[in-house]
Amino acid sequence: MSMPPTPPGWYQDPEAPSHERWWDGTAWTPHTRVAQAQAVGHGLAPADPVQHTGQFGPPAAPATGGQGASGGRGKLVALVAAGVVLVASIVTGVVVLGKDDKTDPGASTRTSPSAQATSPDDKPEPTQTESSGPPETDAKVLEDQLNGITLPIPEGWEKPDNTVEKAVTMTTDGTYPCPGDSGFCHHGRVTSRAVRDGAGKDPEVAAKTDISEAAKRSYDRDVIDRRPYNGITSHQELKAEPVVVAGSTGYLMRWRVKTEAGEGGYVQSVVFPKPGSDALIVVRFAFDAEDGPPLSLMDEITKGIRRIGDTGDTNGGVGSTIEPS
């Protein structure tokens with residue numbers, strides 16, 4: 001009885017037992033790989049072959065009687081395939097069980113109706129809580145969260161949605177064409193920001209340093225390099241005195257500035273300690289001399305500055321006798 005031909009596949013390399021070589025059904029090929037017992041079988045294409053030019057005899061002929069070599073390999077392949085299917089089934093079951101253990105927002109739609117079943121769109125009503133500070137949407141308060149203070153917003157003023165200032169800002173409602181460079185100006189503007197690093201810890205020194213910068217940004221050259229009033233021609237100091245702001249002692253500087261175009265205006269820098277810190281805050285004012293707000297409003301706003309969440313009488317003002325906290 002003639003022996004059946006050996007089918008194509010990976011077989012132990014006759015010259016290197018630690019490797020396998022591809023048998024194409026009639027002859028050895030130059031393709032080899034590291035021995036992988038799990039890969040022995042039919043129809044596996046050579047992967048990353050290593051070229052070899054040696055000649056060898058064919059693989060061992062299949063065993064006689066009962067099952068041939070090809071039958072044994074067939075059983076091995078069937079066993080391996082069955083094992084793979086079993087492992088895949090186990091993994092799938094674990095994944096499904098894992099998903100069942102997690103909260104599924106849509107699970108309630110797949111369960112029978114019950115008292116606890118809820119729609120995915122059902123959400124608990126929020127519980128209202130009290131807030132010690134003014135709400136962010138309060139139209140009457142300008143909140144500087146970074147520096148921990150609030151400023152009262154006067155009648156006819158607003159918090160602009162967009163501004164080129166890198167500071168908390170409020171302005172008079174409406175604009176007018178600037179008399180200098182093209183653009184639009186406000187008759188009044190107030191900003192709150194931290195004093196620049198290097199200005200020291202003394203409110204008086206910081207205020208006297210800041211007033212010239214405040215005048216420049218308001219009536220000479222603004223933060224986007226426009227000259228809305230064609231520059232400042234002169235200035236006059238109107239006030240330089242201590243002031244109590246939000247319960248702390250600060251310092252106030254006020255100038256009257258004249259400009260090349262238009263009537264110029266009034267600028268003021270109020271510097272005081274940040275609540276709970278030795279860092280300094282500066283609140284800048286800029287009121288037009290023509291059609292601008294009254295100067296008394298500068299004092300009213302300064303007196304109304306408070307710490308966030310403070311509803312007591314910790315405000316001050318020029319000449320206030322409140323002791324700093």
Side-chain angles (χ1 to χ4, degrees), residues 142 144 146-149 151 157 159-160 162-172 175 178-181 183-243 245-246 248-274 277-290 292-293 295 297-299 301-302 305 318:
L142 181 68
D144 183 350
L146 179 63
N147 292 304
I149 61 170
L151 294 82
W157 287 61
K159 295 179 283 189
N162 299 294
T163 176
V164 295
E165 291 277 0
K166 293 182 179 180
V168 177
T169 304
M170 63 179 173
T171 63
T172 49
T175 61
C178 300
D181 287 351
F184 294 94
C185 293
H186 291 275
H187 287 299
R189 177 185 295 271
V190 177
T191 63
S192 174
R193 72 190 77 205
V195 171
R196 289 183 176 181
D197 293 339
K201 304 299 181 182
D202 186 338
E204 180 178 351
V205 173
K208 290 180 177 179
T209 301
D210 186 80
I211 188 65
S212 59
E213 179 70 12
K216 175 184 176 182
R217 291 305 182 194
S218 298
Y219 290 101
D220 191 275
R221 193 178 297 274
D222 64 19
V223 294
I224 57 174
D225 207 36
R226 293 183 313 159
R227 305 194 78 190
Y229 303 92
N230 289 343
I232 296 174
T233 57
S234 64
H235 77 270
Q236 177 185 0
E237 183 179 300
L238 301 181
K239 276 190 177 184
E241 58 191 10
V243 60
V245 184
S248 297
T249 301
Y251 203 84
L252 176 154
M253 291 289 298
R254 183 183 297 173
W255 284 3
R256 165 70 164 100
V257 296
K258 293 186 177 180
T259 54
E260 181 69 28
E263 298 298 320
Y266 300 88
V267 292
Q268 177 171 289
S269 293
V270 178
V271 178
F272 55 97
K274 177 179 178 179
S277 170
D278 59 355
L280 298 178
I281 307 170
V282 58
V283 175
R284 292 177 179 173
F285 299 75
F287 289 6
D288 283 354
E290 183 178 8
L295 291 182
L297 187 58
M298 289 187 179
D299 296 329
I301 293 174
T302 300
I305 297 173
V318 177

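Small disclaimer: the values here were computed from a predicted structure and weren't measured. The basis for the numbers below is simple: all heavy atoms, side chains too, and nothing from hydrogens, waters or symmetry mates.
- The ring-ring contact (aromatic ring centres under 6.0 Å, His included) test applied to Tyr251 returns no partner, not counting sequence neighbours.
- Each of Val195, Ile281, Val245 was checked for a side chain to side chain contact (heavy atoms under 4.5 Å, CB included) with Val271, and the lone residue meeting it is Val195.
- Partners of Ser277 according to the side chain to side chain contact (heavy atoms under 4.5 Å, CB included) rule, which considers only residues two or more places apart in sequence or in another chain, are Lys274, Ala279.
- Residues forming a side chain to side chain donor-acceptor pair (under 3.5 Å) with Ser269 (at least two apart in sequence, or on another chain): Asp210.
- A donor-acceptor pair under 3.5 Å links the side-chain atoms of Thr172 to the main chain of His187, judged by distance alone.
- Using a 4.5 Å heavy-atom threshold, the side chains of Phe272 and Pro203 count as separate.
- By the 4.5 Å heavy-atom criterion applied to side chains, Ser192 and Leu142 are not counted as neighbours.
- With sequence neighbours left out, Asp225 forms a side chain to side chain donor-acceptor pair (under 3.5 Å) with Arg221.
- Under the 4.5 Å side-chain criterion, counting only non-hydrogen atoms from C-beta, Ile301 is in contact with Met170.
- Partners of Arg217 under the side chain to side chain contact (heavy atoms under 4.5 Å, CB included) rule, at least two apart in sequence or in another chain, are Glu213, Val223, Arg284.
- Of all heavy-atom pairs between Thr259 and Gly264, the closest is OG1-N, 3.2 Å.
- Under the salt bridge (Lys or Arg N to Asp or Glu O under 4.0 Å) criterion, the residue pairs touching residues 254-269 are Arg254-Asp299, with sequence neighbours excluded.
- Rounding to the nearest 0.5 angstrom, the gap separating the OG1 atom in Thr171 from the NE2 atom in His186 is 4.0 Å.
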Test log, rule side chain to side chain contact (heavy atoms under 4.5 Å, CB included), inputs Thr209 and Arg196: CA-CA 10 Å; Thr209 301; Arg196 289 183 176 181; over 6 Å; no

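- Not counting sequence neighbours, Phe285 has no partner by the ring-ring contact (aromatic ring centres under 6.0 Å, His included) test.
- If you take OG on Ser218 and CD on Gln268, they are separated by 11.5 Å, rounding to the nearest 0.5 Å.
- Using a 4.5 Å heavy-atom threshold, the side chains of Val190 and Thr169 count as separate.
- In this structure, the side chains of Val257 and Val267 come closer than 4.5 Å at one or more pairs of heavy atoms.
- We find the CG-OG distance between Leu280 and Ser248 to be 10.5 Å, quoted to the nearest 0.5 Å.
- Pairing each heavy atom of Ala194 with each of Asn147, the nearest pair is N-ND2, 3.6 Å.
- In this view, Arg189 satisfies the salt bridge (charged side-chain N to carboxylate O under 4.0 Å, His left out) rule with no residue, not counting sequence neighbours.
- Each ring-ring contact (aromatic ring centres under 6.0 Å, His included) pair with one or both residues in residues 189-234, not counting sequence neighbours, appears once here: Tyr219-Tyr229.
- Heavy atoms only, all atoms of each residue included: Ala167 and Thr191 are closest at CB-CB, 4.1 Å.
- Side-chain atoms of Leu297 and Trp157, non-hydrogen and from C-beta on, do get closer than 4.5 Å to each other.
- The side-chain hydrogen bond (donor to acceptor under 3.5 Å, both in side chains) pairs that include a residue from residues 198-207 are Glu204-Lys208, where partners are two or more places apart or lie in different chains.
- Every residue two or more places apart in sequence or in another chain that forms a salt bridge (charged side-chain N to carboxylate O under 4.0 Å, His left out) with Asp220 is listed here: Arg227.
- A heavy-atom distance below 4.5 Å is not found between the side chains of Leu252 and Met298.
- In this structure, His235 has no side chain to side chain donor-acceptor pair (under 3.5 Å) partners at least two apart in sequence or on a different chain.
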